[in-house]
Chemist: 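Here it is: the structure, laid out below.
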Protein chains: 2
Amino acid sequence: MNARTKKHRTSPPPLTGKVARVKTAAKVGFDPRDGLIRYIEHPERITDGSVVEYDDKFVVIKDKFPKASVHLLLLPRDPALYTQHSLIALSTDPTFLSNVRTRIAHLKTLVASELRRQYGANSASDAPYQTALEDLMSRPNPPPPSARTALLPPGRDWEAEIIAGVHTHPSMNHLHIHILSREMHSPWVKHKKHYLSFHTSFMVHMDEFPLEEGSKRFKPGDWPSWDMECWRCGANYKNKFKKLCEHLSEEFEQWKKE
Amino acid sequence: MNARTKKHRTSPPPLTGKVARVKTAAKVGFDPRDGLIRYIEHPERITDGSVVEYDDKFVVIKDKFPKASVHLLLLPRDPALYTQHSLIALSTDPTFLSNVRTRIAHLKTLVASELRRQYGANSASDAPYQTALEDLMSRPNPPPPSARTALLPPGRDWEAEIIAGVHTHPSMNHLHIHILSREMHSPWVKHKKHYLSFHTSFMVHMDEFPLEEGSKRFKPGDWPSWDMECWRCGANYKNKFKKLCEHLSEEFEQWKKE
DNA sequence: TATTCCGATAGTGAC
DNA sequence: GTCACTATCGGAATGAG
């Protein structure tokens, strides 16, 4: 500091660091990262429609801040599981991995039918299915839903649009597996990390498990600094999140029409 | 990029860089950093009150975005001077340095009287002057302004509140010397660099010239990353500009009362 | 990597 | 370091019964 500019040097810094904050006893210890526990412990108490299904082993919920047209979370209810790190549990517990795979297979059909509901009418490759379904339902005695699939052409492969897996470093404290459509068209995709966390190796997909011990996937390094690349065309948007979003909107329009 | 997520790889990046912008011929080539030239070339045409004084060698203007209660710029009119880098010209041209010092001495009295006009009434150390002046002016035959100084006590040393000098890397292209009060209380102090540029060694004061050849002052390095320290009490605000501003407001209140 | 708010940092374009 | 605008990056606090 320049002596010339110093006339008074009184009591040192007023920058005392954190301002002392009065907290009520109730507030101490609150952690928003524990937010999933209420779904795990008492799914029956959730009445806002966010619980899709549950049994003694798992709860399935809609993500509160969906990053795509459909975005579910699969939550194991056993504390011995949900306190573990996802990558460890899915790489070292074959029974758990097997159970999760079974559930994911089931959830994919659920998500696929939801995608068909949302976008089937405007999808070129789903037209055969849509036409055949319309045909089927206009008969005098339409078959029940369970019998329809066998009677219809496959149409668009909606399951190919779904990704399922876990984040290398989850922010929410309870083990959760993401199941979502890959288009990332959502108002909740608000920044770079939202996108990167689903479309880079930071996302470990279900078919990559079990990871081998010491796999590099456990240590992604400085992933928030990675470039953003369009999941559909591969274009590199570097760190230009707004530009990526505009592009994703365009890709979304094309994607729906496929 | 993950192959799983890539269905289509079409034409590369839509990130085409700069958008082509239509410019009128008149606009092409204008550089806002050349904004001082109009004061230098035609001070007589400036009718907004921003020209304080001028002659054949210099123009004195009020800074358009004053960073303190008073903020003037001294501009040499000779192209052989105003095209030079301030540090070089003031370190290698003794005649110029001498002329500038003379002008600065004069301007300091001007700025000091302006500070007295703004803050004299509330200044403790200026009270003897203010009282004596009131006394003098209430006589039957008050003396003219030119005669008053000799008849009055000195009061506050307002010139000690003034800094004069140049920035190591000026943004405006024409050589200019800053003369301003050091309190930095102004709505135009909007970011870190505004503050640092006047209260670190990035500012070379008039009494530091001539710099010796090869002086480190020519290369301040990464000065925008330097900590901000209160010019008055020395408190270190690191990179907390907003906090510094709040503090400077408090210091300003004390400073006025001195 | 939960969100949200705020603020610091960085790039650009401007006459 | 000219300003002004936008966007990116970075830390801190955080709800609900």
Side-chain angles (χ1 to χ4, degrees), chain A residues 17-19 21 23-24 26-38 45 63-67 73 85-87 166-174 176 178 188 190-198 200 202-204 220 222-226 228 237-245, chain B residues 17-19 21 23-38 63-65 67 73 85-87 166-174 176 178 188 190-198 200 202-204 220 222-226 228 237-246:
Chain A
K18 301 179 183 180
V19 173
R21 182 177 292 273
K23 291 187 176 182
T24 65
K27 285 188 177 180
V28 171
F30 167 78
D31 188 345
R33 295 177 179 183
D34 288 333
L36 295 176
I37 192 65
R38 68 191 192 98
R45 294 185 188 168
D63 193 294
K64 197 171 178 179
F65 305 96
K67 305 303 188 291
L73 300 180
H85 189 297
S86 336
L87 296 192
V166 300
H167 287 154
T168 304
H169 296 304
S171 274
M172 296 303 272
N173 289 333
H174 300 84
H176 54 284
H178 295 270
W188 297 108
K190 293 185 176 179
H191 57 243
K192 192 179 186 182
K193 285 191 285 191
H194 288 150
Y195 185 77
L196 290 176
S197 71
F198 290 104
T200 64
F202 183 84
M203 174 89 174
V204 184
D222 186 28
W223 67 274
S225 76
W226 294 351
M228 289 171 284
Y237 282 80
K238 308 276 182 170
N239 66 341
K240 306 304 176 190
F241 178 74
K242 281 286 203 295
K243 299 279 189 193
L244 171 72
C245 284
Chain B
K18 302 178 183 182
V19 173
R21 183 177 291 274
K23 292 187 177 184
T24 66
K27 287 183 178 180
V28 169
F30 171 80
D31 187 343
R33 295 179 180 187
D34 288 333
L36 296 176
I37 191 64
R38 66 191 194 98
D63 192 294
K64 197 172 178 178
F65 305 96
K67 303 303 188 292
L73 300 180
H85 189 297
S86 337
L87 296 192
V166 300
H167 287 153
T168 304
H169 296 304
S171 276
M172 296 303 270
N173 290 333
H174 300 83
H176 54 283
H178 295 270
W188 297 108
K190 293 184 175 179
H191 58 243
K192 193 179 186 182
K193 285 192 282 191
H194 287 150
Y195 185 77
L196 290 177
S197 70
F198 290 104
T200 65
F202 183 84
M203 173 89 172
V204 184
D222 186 27
W223 67 274
S225 75
W226 294 350
M228 289 171 283
Y237 282 80
K238 308 276 182 166
N239 67 341
K240 306 305 175 188
F241 178 74
K242 281 285 202 292
K243 299 278 189 194
L244 171 72
C245 285
E246 294 165 17

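Letters A, B, ... are given to chains in the order of the sequence lines, protein chains preceding strands, and every chain is numbered from 1. The structure displayed is predicted, hence computed values, not measured ones. Every heavy atom of this structure was used, including side-chain atoms; hydrogens, water molecules and symmetry mates were not.
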Chemist: Should A:Leu196 and A:Phe202 count as side-chain neighbours, where that means a heavy-atom distance under 4.5 Å?
Modeler: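 No - every pair of side-chain heavy atoms lies 4.5 Å or more apart.
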
Chemist: Between A:Ser197 and B:Lys64, name the one whose nearest nucleotide on DNA chain C is closer to the 5' end.
Modeler: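 Of the two residues, A:Ser197 wins.
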
Chemist: For the pair made of CZ in A:Phe30 and C1' in D:dA12, what is the distance, rounded to whole Å?
Modeler: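 Roughly 14 Å, once rounded to whole Å.
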
Chemist: Which part of the nucleic acid does A:Pro32 contact within heavy-atom distance under 4.0 Å: base, sugar-phosphate only, or nothing?
Modeler: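 Counting heavy atoms under 4.0 Å across all strands, the contact made by A:Pro32 includes a base.
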
Chemist: Name the pairs: protein N/O against N/O of nucleotides 3-6 of chain C, kept only if under 3.5 Å.
Modeler:
{"from": "C:dT3", "atom 1": "OP1", "to": "A:Lys67", "atom 2": "NZ", "distance (Å)": "3.0"}
{"from": "C:dT3", "atom 1": "OP1", "to": "A:His194", "atom 2": "NE2", "distance (Å)": "3.3"}
{"from": "C:dT3", "atom 1": "OP2", "to": "A:His194", "atom 2": "NE2", "distance (Å)": "2.8"}
{"from": "C:dT4", "atom 1": "OP2", "to": "A:Lys190", "atom 2": "NZ", "distance (Å)": "2.7"}

Chemist: Which whole-number value in Å describes the distance from A:Ile37 CD1 to D:dA16 P?
Modeler: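 Those two atoms, CD1 and P, are 18 Å apart.
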
Chemist: Report which part of the nucleic acid B:His174 touches: base, sugar-phosphate, or nothing (heavy-atom distance under 4.0 Å, all strands).
Modeler: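 Here B:His174 touches no strand at all.
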
Chemist: Looking only at side-chain atoms of B:Asn239, point me to the closest of D:dT14, D:dT2, C:dT9.
Modeler: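 Between D:dT14, D:dT2, C:dT9, the one nearest the side chain of B:Asn239 would be C:dT9.
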
Chemist: Rounded to whole Å, how long is the line connecting atom CZ of A:Phe241 with atom C1' of D:dC9?
Modeler: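 After rounding, the reported distance stands at 13 Å.
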
Chemist: I need the CH2-P distance between A:Trp223 and D:dC9, as an integer number of Å.
Modeler: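 Spelled out: CH2 on A:Trp223 to P on D:dC9 is 12 Å.
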
Chemist: Could you work out, with ring pair (Phe, Tyr, Trp, His ring centres under 6.0 Å) as the rule, every residue matching A:His178, not counting sequence neighbours?
Modeler: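 By the ring pair (Phe, Tyr, Trp, His ring centres under 6.0 Å) rule, A:His178 matches A:His71, A:His167, A:His176, A:Phe198.
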
Chemist: Only counting residues at least two apart or in another chain, list the ones meeting side chain to side chain contact (heavy atoms under 4.5 Å, CB included) with A:His85.
Modeler: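 With sequence neighbours excluded, A:His85 shows a side chain to side chain contact (heavy atoms under 4.5 Å, CB included) to A:Leu87, A:Ile88, A:His169, A:Pro170, given in chain and number order.
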
Chemist: In this structure, how many angstroms lie between the P atom of D:dA7 and the NZ atom of A:Lys192, rounded?
Modeler: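 Rounded to the whole Å, the gap is 16 Å.
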
Chemist: For the pair made of CE in B:Met172 and C1' in D:dC3, what is the distance, rounded to whole Å?
Modeler: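 So the two atoms are 10 Å apart, to the nearest Å.
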
Chemist: Measure from CG on A:Leu244 to C1' on D:dA7 and round the result to the nearest Å.
Modeler: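 My rounded result for the distance is 14 Å.
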
Chemist: What is the nucleic acid contact for B:His167, judged by heavy atoms within less than 4.0 Å: base, sugar-phosphate only, or nothing?
Modeler: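 Touches sugar-phosphate only.
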
Chemist: Please list, chain by chain and in numerical order, all residues satisfying side chain to side chain contact (heavy atoms under 4.5 Å, CB included) with B:Pro32, sequence neighbours excluded.
Modeler: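 For B:Pro32 the side chain to side chain contact (heavy atoms under 4.5 Å, CB included) partners, ignoring immediate neighbours, are B:Phe30.
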
Chemist: Listed by chain and number, what are the side-chain hydrogen bond (donor to acceptor under 3.5 Å, both in side chains) partners of A:Asp31, not counting sequence neighbours?
Modeler: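 side-chain hydrogen bond (donor to acceptor under 3.5 Å, both in side chains) list for A:Asp31, sorted by chain: empty.
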
Chemist: For B:Trp226, give me all partners under ring pair (Phe, Tyr, Trp, His ring centres under 6.0 Å), at least two apart in sequence or on another chain.
Modeler: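 Per chain and number, B:Trp226 pairs via ring pair (Phe, Tyr, Trp, His ring centres under 6.0 Å) with no residue.
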
Chemist: Would you mind reading off the distance between B:Lys240 atom NZ and D:dG11 atom P, rounded to a whole angstrom?
Modeler: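 Answer to the nearest Å: 8 Å.
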
Chemist: Under the ring pair (Phe, Tyr, Trp, His ring centres under 6.0 Å) test, which residues partner A:His191, sequence neighbours left out?
Modeler: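 Ring pair (Phe, Tyr, Trp, His ring centres under 6.0 Å) check on A:His191 returns A:His194.
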
Chemist: Starting at the 5' end of DNA chain D, write a dot or bracket for each base, bracketing those in Watson-Crick or G-U wobble pairs whose two distances are under 3.5 Å and using | for partners on another strand.
Modeler: .|||||||||||||...

Chemist: Considering only the C1' atoms, how many Å lie between C:dT4 and D:dG17, rounded to the nearest integer?
Modeler: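 Straight-line distance between the two C1' atoms is 22 Å.
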
Chemist: To the closest 0.5 Å, what do you measure between NZ (B:Lys192) and OH (B:Tyr237)?
Modeler: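 The NZ atom of B:Lys192 sits 15.0 Å away from the OH atom of B:Tyr237.
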
Chemist: For B:Asn173, give me all partners under side-chain hydrogen bond (donor to acceptor under 3.5 Å, both in side chains), at least two apart in sequence or on another chain.
Modeler: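 Expected list: B:Asp34.
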
